[in-house]
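Have a look at the structure below before the remarks.
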Amino acid sequence: MRTPLVIGNWKMHGLQADARALASAVREGFKRKVAVTIAVCPPFTALPAVAEVLAGSVIALGAQNCHPEPSGAHTGEISVPMLAELGCRYVLVGHSERRKEMGETDEQINRKVQAVLTHGLTPVLCVGETGDERRQGLTFTTIEGQLRAGLAGLGPEAVGKLVFAYEPVWAIGTGVNATPGQAAEVHGYLRGILSELSSKETAQATSILYGGSVKADNAESLLTEPEIDGALIGGASLKAPEFIAIVKKAVAAPAAAREGSR
Ligand code: PEP
């Protein structure tokens with residue numbers, strides 16, 4: 001059984017006071033441990049404030065990016081040890097916005113994955129095809145290329161330490177989510193490759209999240225799909241009630257899935 005994981009990606013939203021307020025509201029929503037791992041990834045500038053608000057809570061902290069080197073002359077960058085010092089447990093790597101806007105390459109993404117693992121944090125490796133790639137029948141070629149390149153040089157044990165997020169680019173921030181069937185098909189394909197790169201057991205134990213326009217009203221249908229192990233949420237994670245509602249759907253998902261299969 002894979003414990004569902006729901007991660008909020010706050011992107012470049014929120015000054016420190018906003019981030020504190022949002023983190024406090026999410027914390028209020030989960031006073032006790034639930035059967036879902038919850039994490040939020042605020043902007044770098046809000047990490048210390050959010051770490052303070054979430055201290056002692058069931059909500060983990062993550063970062064949206066990192067530099068592959070531990071330190072050095074890299075103006076404007078943030079290293080993994082700096083994130084670890086602030087209490088981050090997860091680091092998003094290879095988000096499509098970074099691939100597109102910053103021109104991040106698979107090779108850079110692979111170096112970041114290695115750096116995150118080296119310092120004992122969990123990389124959340126994001127892969128996903130564009131709308132054009134899907135229309136051209138290139139979905140599997142694209143995500144397989146991104147996955148293999150992102151994991152280059154990693155041994156079977158290391159592969160088992162990552163979390164993966166399938167985020168079709170055409171679904172991010174558009175209000176158009178992949179159907180549970182579309183996502184499940186890709187998740188199954190990714191799991192097959194992970195099985196080859198590690199082992200069947202490791203692949204079965206690995207979390208593959210879906211991301212792309214997940215909202216409270218479509219979360220149940222996505223999260224009850226057995227291949228979908230949780231969600232990476234952008235826009236909807238900026239509203240505490242909406243994010244809390246999505247996490248609650250993830251908590252209820254196993255029972256809802258059993259109900260649906262009767
Ligand atoms: C994301 O940016 O990772 C994301 C899934 O965004 P949204 O939920 O807004 O589509």
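Owing to the predicted nature of the structure, the values given are computational and were not obtained by experimental measurement. Read the numbers this way: they start at 1 and go in the same order the structure lists the ligands and their atoms. Worth knowing before you read on, the calculation uses all heavy atoms, side chains too, and leaves out hydrogens, waters and symmetry mates.
In summary, the atoms of ligand 1 found under 4.0 Å from a heavy atom of Gly235, numbered by their order in the structure, are 7 (P), 8 (O), 9 (O). Atoms of ligand 1 found under 4.0 Å from any heavy atom of Gly173 (numbered from 1 in listed order, with element): 7 (P), 9 (O), 10 (O). Every atom of ligand 1 is numbered from 1 in the order shown, and the set under 4.0 Å from a heavy atom of Ser213 is 7 (P), 8 (O), 10 (O). Heavy-atom contacts of Gly212 reach the following atoms of ligand 1: 5 (C), 10 (O) (cutoff under 4.0 Å).
Side chains of Asn65 and Lys112: a donor on one and an acceptor on the other come within 3.5 Å. In this structure, a donor-acceptor pair under 3.5 Å is present between the side chains of Glu129 and Trp170. Side-chain contact, Gln114 with Asn110: a donor N or O sits under 3.5 Å from an acceptor N or O.
Not one N or O of Ile233 is nearer than 3.5 Å to an N or O of ligand 1, by distance alone.
With hydrogens left out, the protein atom closest to atom 3 (O) of ligand 1 is Glu167 OE2, 2.7 Å, a heavy atom. From the protein, the heavy atom lying nearest to atom 2 (O) of ligand 1 is Lys11 NZ, 2.5 Å. The closest protein non-hydrogen atom to atom 4 (C) of ligand 1 is Gly234 N, 3.5 Å.
The residues Glu227 and Arg191 are annotated as salt-bridged, a charged nitrogen and a carboxylate oxygen being separated by less than 4.0 angstrom. Under a 4.0 Å N-O distance rule, the pair Lys31/Glu28 qualifies as a salt bridge. In summary, Asp106 and Arg99 engage in a salt bridge, as defined by a charged side-chain N under 4.0 Å from a carboxylate O.
Shown here are the side-chain contact (heavy atoms from CB on, under 4.5 Å) partners of Val169, two or more places apart in sequence or in another chain: Ser96, Thr130.
Under the 4.0 angstrom criterion for non-hydrogen atoms, His95 is in contact with ligand 1. The closest approach between Ala236 and ligand 1 stays at or above 4.0 Å for every heavy atom of the residue.
By the criterion of a heavy-atom distance under 4.0 Å, the backbone of Ala171, and not its side chain, is placed next to ligand 1. The backbone and the side chain of Ile172 each have at least one atom closer than 4.0 Å to an atom of ligand 1 (non-hydrogen atoms only).
Side-chain contact between Phe30 and Ser57 is absent, with no heavy-atom pair separated by less than 4.5 Å.
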